[in-house]
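Shown next, in structure tokens, is the structure this report addresses.
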Amino acid sequence: MINKKVKNVQEALKGVKDNMTLMLGGFGLCGIPENAILELVNLNVKDVTCISNNAGVDDFGLGLLLQNKQIKKMISSYVGENDEFERQMLSGELEVELTPQGTLAEKCRAAQAGFPAFYTPAGYGTEVAEGKETREFVGKMYVLEPAFKADFAFVKAWKGDAAGNLVFKGTSRNFNPNMCGAAKITVVEVEELVEVGALDPNHIHIPGIFVQRIFQGTNYEKRIEQRTVRQKK
Amino acid sequence: MINKKVKNVQEALKGVKDNMTLMLGGFGLCGIPENAILELVNLNVKDVTCISNNAGVDDFGLGLLLQNKQIKKMISSYVGENDEFERQMLSGELEVELTPQGTLAEKCRAAQAGFPAFYTPAGYGTEVAEGKETREFVGKMYVLEPAFKADFAFVKAWKGDAAGNLVFKGTSRNFNPNMCGAAKITVVEVEELVEVGALDPNHIHIPGIFVQRIFQGTNYEKRIEQRTVRQKK
Amino acid sequence: MALDKNGIAKRIAQEVQDGFYVNLGIGIPTLVANYVREDIEVEFQSENGVLGMGPFPFDGEEDADIINAGKQTITTMPGASFFDSATSFAMIRGKHVDLTILGAMEVAENGDIANWKIPDKMVKGMGGAMDLVASAENIIVAMMHSNKRGESKILKQCSLPLTGVGCVTKVVTNLAFLEVKNNAFHLLERAPGVSVEEIQKATEGTLVVHGDIPEMMI
Amino acid sequence: MALDKNGIAKRIAQEVQDGFYVNLGIGIPTLVANYVREDIEVEFQSENGVLGMGPFPFDGEEDADIINAGKQTITTMPGASFFDSATSFAMIRGKHVDLTILGAMEVAENGDIANWKIPDKMVKGMGGAMDLVASAENIIVAMMHSNKRGESKILKQCSLPLTGVGCVTKVVTNLAFLEVKNNAFHLLERAPGVSVEEIQKATEGTLVVHGDIPEMMI
């Protein structure tokens with residue numbers, strides 16, 4: 001067993017610097033690496049490029065880095081819940097690259113799996129395809145999209161062990177597994193760090209080989225964006 | 001819940017015809033769809049193309065179809081355990097397309113995921129790349145490989161439910177999940193058909209959407225090719 | 001009388017067939033789930049990573065880790081499964097989802113759709129919409145026939161940045177059920193009490209009216 | 001004295017470093033696992049879908065569903081995981097495996113390797129070898145220096161169909177430890193009791209001998 005465990009978030013984020021490209025898991029506020037984001041605020045690294053499906057809300061998630069003006073560029077599929085984001089984007093302070101969600105996921109998977117680029121039909125004929133190579137296969141048009149290149153991936157898992165094996169819960173899985181191994185260094189925070197051997201080898205979502213550092217996360221808020229319920233009759 | 005359950009192997013293989021292209025899961029004899037293979041022998045369909053990592057042994061697995069001269073063409077990565085295979089290949093009766101194992105897996109995944117083709121470094125500069133498009137990305141050469149097109153995929157899972165959700169065990173997983181949804185019709189046989197709701201939604205390896213038919217398999221032999229053991233001291 | 005949002009959802013629900021996997025977009029499409037016949041088997045996929053969505057949770061039973069693509073808390077049905085984003089879009093791109101229902105700002109008679117951006121005004125992003133429309137073979141658009149200023153959204157050509165080209169096959173609006181083919185909107189049904197003339201007037205794109213147009217049965 | 005297979009495996013085992021994920025090919029490479037230092041952390045990956053392989057099972061405890069790429073029954077270590085073939089090659093193609101050890105029929109001074117086919121004679125297939133050699137940055141080849149007829153397998157140019165081009169970095173044979181760079185085999189170590197002259201004689205490719213060549217420490 002190759003030990004990936006680090007003491008805490010400070011140790012986990014060693015080496016993060018200005019101008020780096022960072023991947024962050026999560027969909028909306030679901031499954032975001034809360035501990036890593038707070039530490040990025042503490043470190044106050046500047047001019048980072050963030051690859052993340054969404055940009056958080058004004059006072060949580062990646063919104064905290066936006067408030068702190070740490071982000072130079074966002075690569076996302078949907079950024080619609082964040083006023084500060086809109087302000088920075090419209091004023092030109094923030095560079096934004098909007099990417100179809102499936103393309104975003106596959107650009108992560110391609111980086112993880114060693115594919116330099118892939119052809120997807122998403123975005124063909126739209127401004128997303130502008131300046132990109134397009135090509136026909138069997139009567140349908142596709143756009144060539146390159147794999148992401150990133151320095152760090154910050155991932156949130158439900159359970160994990162010191163070997164870096166991960167298990168995710170519900171829809172907090174989302175982009176997290178796809179980002180593992182998609183950056184030079186993958187840093188995982190878990191709600192529960194379990195003993196090596198406690199996870200069923202058949203049910204490990206991400207084998208430890210895709211992970212460089214893992215730590216026990218703390219104080220998860222797990223904020224709900226759209227609490228929607230029905231009443232018991 | 002959309003019900004994919006069929007009564008038996010006969011119902012599961014309805015529509016299989018001569019000249020079709022069939023995908024079959026398994027690595028060696030591990031995780032092969034034993035019931036489907038026996039029924040293919042019963043049906044005596046001829047001139048089929050089989051996509052499968054290996055070709056079985058002389059008297060088990062795909063070897064049975066070879067003995068019966070049902071296979072026109074094999075697409076595999078390794079076929080070295082089968083004398084009848086070698087005989088048919090060297091005599092020209094059997095067409096063989098040898099494909100690197102990772103390329104074979106990804107050609108399945110591309111079919112499953114709607115990618116028309118992909119670039120892989122495997123086989124560049126070798127006879128596998130002959131006649132294929134090659135291309136450089138960031139100083140490295142890649143070969144363009146098309147997704148598979150198949151009529152039926154025959155998959156063996158450990159557990160499954162009527163919704164088509166699947167769980168695999170150990171290394172009998174191998175190509176099986178990658179072939180689900182990679183053919184027009186995916187037929188799954190399981191060692192244990194469980195109640196819908198019995199599988200943990202977090203630990204389903206293949207969601208039912210990739211499966212068209214599922215049935216309770218019978219009489220699994222699960223032959224071991226290379227029984228290798230050590231003695232207790 | 002023109003349909004309200006629930007009326008549009010009701011009509012679309014009739015297009016959902018037994019055995020369909022369905023992806024519902026945010027807004028009116030989400031309402032469709034409420035009106036699907038109970039005697040058929042349907043599973044709802046949400047692109048953030050769940051298949052087999054159920055109703056919203058009871059108050060107090062919501063789980064921050066189980067949401068839909070609209071970020072709403074949800075429940076799951078027996079037989080549900082969770083998966084990662086790449087797998088979710090494998091389902092979509094691989095044409096395993098049978099029906100996609102989504103909203104639009106504009107639809108054109110060639111099947112083009114625009115629903116993600118108003119330049120210099122609203123730039124929220126396309127989310128999964130571009131993947132969905134580029135791959136789905138069966139797309140129903142749920143939308144209002146005209147915007148708040150009374151201008152038609154059923155157009156000869158989209159004016160807003162496109163989400164996808166030539167992909168929309170059916171449109172259900174507050175006024176009509178339209179099929180998109182051969183570079184025209186073919187009027188299939190009228191909303192109850194709405195005349196062909198009203199629909200014609202509200203439609204900027206080419207409208208084909210063939211024979212008697214029945215009223216929707218809702 | 002020239003090394004036997006276990007000797008080759010022992011020397012290669014010294015190249016396995018702490019924290020390495022290692023893929024072992026069939027044959028001599030499989031033996032390497034027996035000689036890795038016990039005070040370092042190493043995990044073995046097998047391309048059929050397992051990470052964290054352990055020793056062979058005790059008699060009677062073998063499981064048909066748990067095998068390695070050589071189809072041998074195996075066990076797993078704590079922290080092991082199983083996965084599908086596409087994920088397995090994601091590990092390999094994505095350069096997550098640190099070291100690949102495999103056999104060869106021929107190696108050339110430009111790093112080409114041939115190990116999968118003898119035309120009209122042996123056509124078993126390449127298995128995962130082409131993926132491994134195309135992606136791994138750290139490849140050690142375990143092989144005999146010459147074939148049974150005494151002909152060198154350490155060549156100027158491969159004569160058999162290639163498995164990969166310009167990919168081999170190190171070769172350990174029964175006679176020598178060679179580094180492949182700048183279109184030549186650089187002699188790093190001699191097998192115990194084997195002279196530089198013997199190695200030179202058995203090597204058809206360009207052999208660079210720089211200074212005193214130490215004996216392997218085995």
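Just so it is clear, the values below take in all heavy atoms, side chains as well, and ignore hydrogens, waters and symmetry mates. Keep in mind it's a predicted model, so treat the numbers as computed, not measured.
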If one checks every heavy atom of F83(C) against chain B at 4.5 Å, the contacting part turns out to be side chain
CD of Q112(B) to OG1 of T87(C), rounded to nearest 0.5 Å, is 7.5 Å
Rounded to the nearest 0.5 angstrom, the CD1-CD1 distance for I92(C) and I209(B) is 8.5 Å
Per-residue tally against chain C (heavy atom, under 4.5 Å) across G197(B), A113(B), A162(B), G208(B) peaks at A113(B)
Just wondering, more than 12 heavy atoms not from K5(C) lying within 6.0 Å of its NZ?
-> no
Checklist line | Crowding at NZ, K5(B) (>12 non-hydrogen neighbours, <6.0 Å) | finding: no
Query raised in the report: NZ of K149(B): more than 12 outside heavy atoms within 6.0 angstrom?
Result: no
The complete set of salt bridge (charged side-chain N to carboxylate O under 4.0 Å, His left out) pairs with one or both residues in residues 103-120 of chain C, sequence neighbours excluded, reads E127(A)-K117(C)
Value for CG (D18(C)) from CG (N3(B)), rounded to nearest 0.5 Å, stands at 10.0 Å
Is it the case that over 12 heavy atoms from other parts of the model lie below 6.0 angstrom from the CD atom of Q157(C)? no
For A80(C), the side-chain contact (heavy atoms from CB on, under 4.5 Å) test, sequence neighbours excluded, returns T76(C)
For G79(C) and N165(B) the tightest heavy-atom approach is O-ND2, 2.8 Å
Taken to the nearest 0.5 Å, the spacing of I2(B) CD1 from D98(C) CG works out to 7.0 Å
Honestly, the part of M77(C) sitting under 4.5 Å from a heavy atom of chain B is neither
- request: Answer yes or no: is there a side-chain heavy-atom contact under 4.5 Å between Q45(C) and P207(B)?
  value: no
When rounded to the nearest 0.5 Å, the distance separating NE2 of H96(C) from CZ of F210(B) is 5.0 Å
Counting heavy-atom pairs under 4.5 angstrom with chain C, the leader among G164(B), A111(B), G181(B) is G181(B)
(request) State whether the number of non-hydrogen atoms from other residues, nucleotides or ligands found under 6.0 Å of K95(C) atom NZ is greater than 12. (result) yes
### Message
For the NZ atom on K46(B), are there more than 12 heavy atoms of other groups (residues, nucleotides or ligands in this structure) within a distance under 6.0 Å?
### Response
yes
When the 4.5 angstrom heavy-atom criterion is applied to V97(C) and chain B, the contacting part is both
